[in-house]
Amino acid sequence: MLKIKDLSVRYRGSREDALSSINLTFQTGEFVCILGQSGAGKSTLIRCINGLQLPSTGTVSWNNQDISTMKEEQIRNVRREMGMIFQHFNLIPRLSVLQNVLTGMFGYRNTFKNLIGWFTDEEVKRAKQVISDVGLNDLMYRRVEHLSGGQKQRVGIARALLQQPKLLLGDEPVSSLDPGTSNHIFTLLQEMHNRHRLLTIINVHDFELARRFATRLVALKDGKVIFDGIPEDFKDKQ
Ligand code: ADP
Ligand code: ADP
């Protein structure tokens, strides 16, 4: 469903490729962790998948359609099928859990709808359901600025799930959380992955976490794939 072919990315002004000849195919139902040290190219790969970064060469195809040749309108539709979660959560601090989750419905540019309450009962009902799914039922109306890091990421996950995505992408979603909380968040991601048969692709730099949860590991180094396989076969811890 997601096919990356001969993908290379070189940033303007840089003398080296951030990603170099990447070939990867991902299928529904996989829980993939992308491993690699800082600068390995993990974020660049995620941004190529959701169309925020264009390839220098090569293609990224989503259901056999090349994302880089899509018009803005089409990309927006594709992004609706891709839920994103972030290292720093990207929430709006002064808004409640429910309001933040509802922003997932229209994208960040339309958050004003949220402030003036332009949501149907059905939309609000769905948002409440995903909030409950991530275990934040009792914090629905709390401003997110008052939540712990783990709770904030649960809000991020609920927001991503609201659109019923087919792919869940995470760019270092637990890097600012402590190990115990990271473990809780991954347990939740695994639960959602299993329940919705989501393709899940998450960047991490914690190998142990990746090994515990992933069905497949992809390791990057200097923009190249140095490992792609099941966690049991990954021996080179660098
Ligand atoms: P990771 O997510 O594994 O830390 P990145 O994808 O962020 O790696 O970065 C890969 C390489 O590309 C690094 O060498 C980084 O310095 C470079 N890079 C990332 N973003 C930019 C950018 N916007 N402009 C120029 N170079 C960048
Ligand atoms: P953290 O450890 O940062 O609090 P976790 O990722 O461990 O975050 O998530 C567990 C948190 O979620 C708990 O701290 C708890 O406050 C909150 N939580 C879980 N379930 C519920 C619930 N049903 N109602 C309210 N809060 C909940």
Side-chain angles (χ1 to χ4, degrees), residues 1-12 14 17-36 40-87 90 101 103-110 123 126 130 156-173 189-190 192-204 214-220 223-225 227-229:
M1 87 191 289
L2 177 66
K3 191 175 166 85
I4 296 169
K5 197 160 178 291
D6 300 325
L7 171 66
S8 296
V9 172
R10 179 171 297 189
Y11 288 106
R12 196 190 294 265
S14 173
D17 286 344
L19 289 176
S20 172
S21 306
I22 305 286
N23 285 287
L24 293 165
T25 303
F26 301 104
Q27 302 295 344
T28 305
E30 288 188 296
F31 192 120
V32 185
C33 282
I34 313 280
L35 281 167
K42 304 184 295 299
S43 293
T44 304
L45 183 59
I46 295 283
R47 288 204 303 272
C48 285
I49 294 172
N50 68 18
L52 288 175
Q53 172 69 48
L54 287 178
S56 303
T57 59
T59 55
V60 176
S61 307
W62 174 249
N63 294 325
N64 298 318
Q65 281 193 292
D66 182 355
I67 292 176
S68 57
T69 61
M70 283 182 189
K71 298 210 168 62
E72 194 52 37
E73 173 72 24
Q74 261 181 306
I75 292 195
R76 245 178 278 141
N77 289 335
V78 167
R79 282 207 197 108
R80 236 166 258 150
E81 301 184 310
M82 301 180 176
M84 272 293 289
I85 53 174
F86 307 90
Q87 178 174 1
N90 295 17
V101 170
T103 65
M105 194 87 69
F106 294 105
Y108 311 111
R109 289 211 191 116
N110 288 307
E123 286 164 344
R126 256 179 56 209
V130 287
I157 293 168
R159 180 184 57 193
L161 291 176
L162 186 70
Q163 296 274 14
Q164 300 174 294
K166 302 195 169 60
L167 166 62
L168 184 68
L169 286 172
D171 196 358
E172 304 269 0
L189 290 172
Q190 190 177 47
M192 296 299 129
H193 167 260
N194 291 339
R195 189 187 304 177
H196 303 291
R197 279 193 56 72
L198 277 172
L199 167 58
T200 303
I201 304 177
I202 309 277
N203 287 350
V204 280
T215 61
R216 173 176 172 191
L217 295 183
V218 173
L220 295 180
K224 297 188 182 67
V225 174
F227 177 86
D228 178 11

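Excluded from the calculations below are hydrogen atoms, water molecules and symmetry mates; all remaining heavy atoms, backbone and side chain alike, are included.
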Residue pair [X] / [Y]: nearest heavy atoms and the distance that separates them:
X	Y	result
Met84	Asn50	SD-ND2, 3.4 Å
Ala160	Leu168	CB-CD1, 3.7 Å
Leu54	Val9	O-CG2, 4.3 Å
Leu7	Leu19	CD2-CD1, 3.9 Å
Asn23	Lys5	OD1-CA, 3.4 Å
Ile22	Val225	CD1-CG2, 3.8 Å

Test item: [X] side-chain N/O and [Y] main-chain N/O as donor-acceptor pair under 3.5 Å:
X	Y	value
Gln163	Gly104	yes
Thr59	Asp66	no
His193	Leu199	no

Atom [atom1] of [X] and atom [atom2] of [Y]: how far apart are they, to the nearest 0.5 Å?
X	Y	atom1	atom2	value
Thr25	Met1	OG1	CE	12.5 Å
Lys71	Asn77	NZ	CG	13.0 Å
Glu30	Ile201	CD	CD1	8.0 Å
Ile75	Thr69	CD1	OG1	8.5 Å
Ser56	Arg12	OG	CZ	10.5 Å
Leu220	Leu45	CG	CG	6.0 Å

Do [X] and [Y] have side chains that get closer than 4.5 Å, going by heavy atoms?
X	Y	result
Leu2	Val60	yes
Arg195	Leu161	no
Leu35	Val204	yes
Leu167	Trp62	yes
Gln65	Val78	no
Cys48	Gln53	yes

- prompt: Is Arg197 atom CZ crowded by more than 12 heavy atoms from other residues, nucleotides or ligands, each under 6.0 Å away?
  reply: no
query: Taking atom CG of Asn63 as the centre, does the number of heavy atoms from other residues, nucleotides or ligands within less than 6.0 Å exceed 12?
result: yes
query: Under the side chain to side chain contact (heavy atoms under 4.5 Å, CB included) criterion, do Asn194 and Phe31 qualify, and how do the steps go?
result: CA-CA 9 Å; Asn194 291 339; Phe31 192 120; over 6 Å; no
query: Is the shortest side-chain N to carboxylate O distance from Glu123 to Arg126 below 4.0 Å?
result: no
field: Residue pair Leu52, Arg79: steps toward the side chain to side chain contact (heavy atoms under 4.5 Å, CB included) verdict
entry: CA-CA 10 Å; Leu52 288 175; Arg79 282 207 197 108; 3.7 Å; yes
task: Would you sort out whether Ile49 and Ile4 count as a side chain to side chain contact (heavy atoms under 4.5 Å, CB included), showing the intermediate values?
output: CA-CA 8 Å; Ile49 294 172; Ile4 296 169; 4.1 Å; yes
- request: Could you go through the side chain to side chain contact (heavy atoms under 4.5 Å, CB included) check for Ile202 and Val32 one step at a time?
  value: CA-CA 6 Å; Ile202 309 277; Val32 185; over 6 Å; no
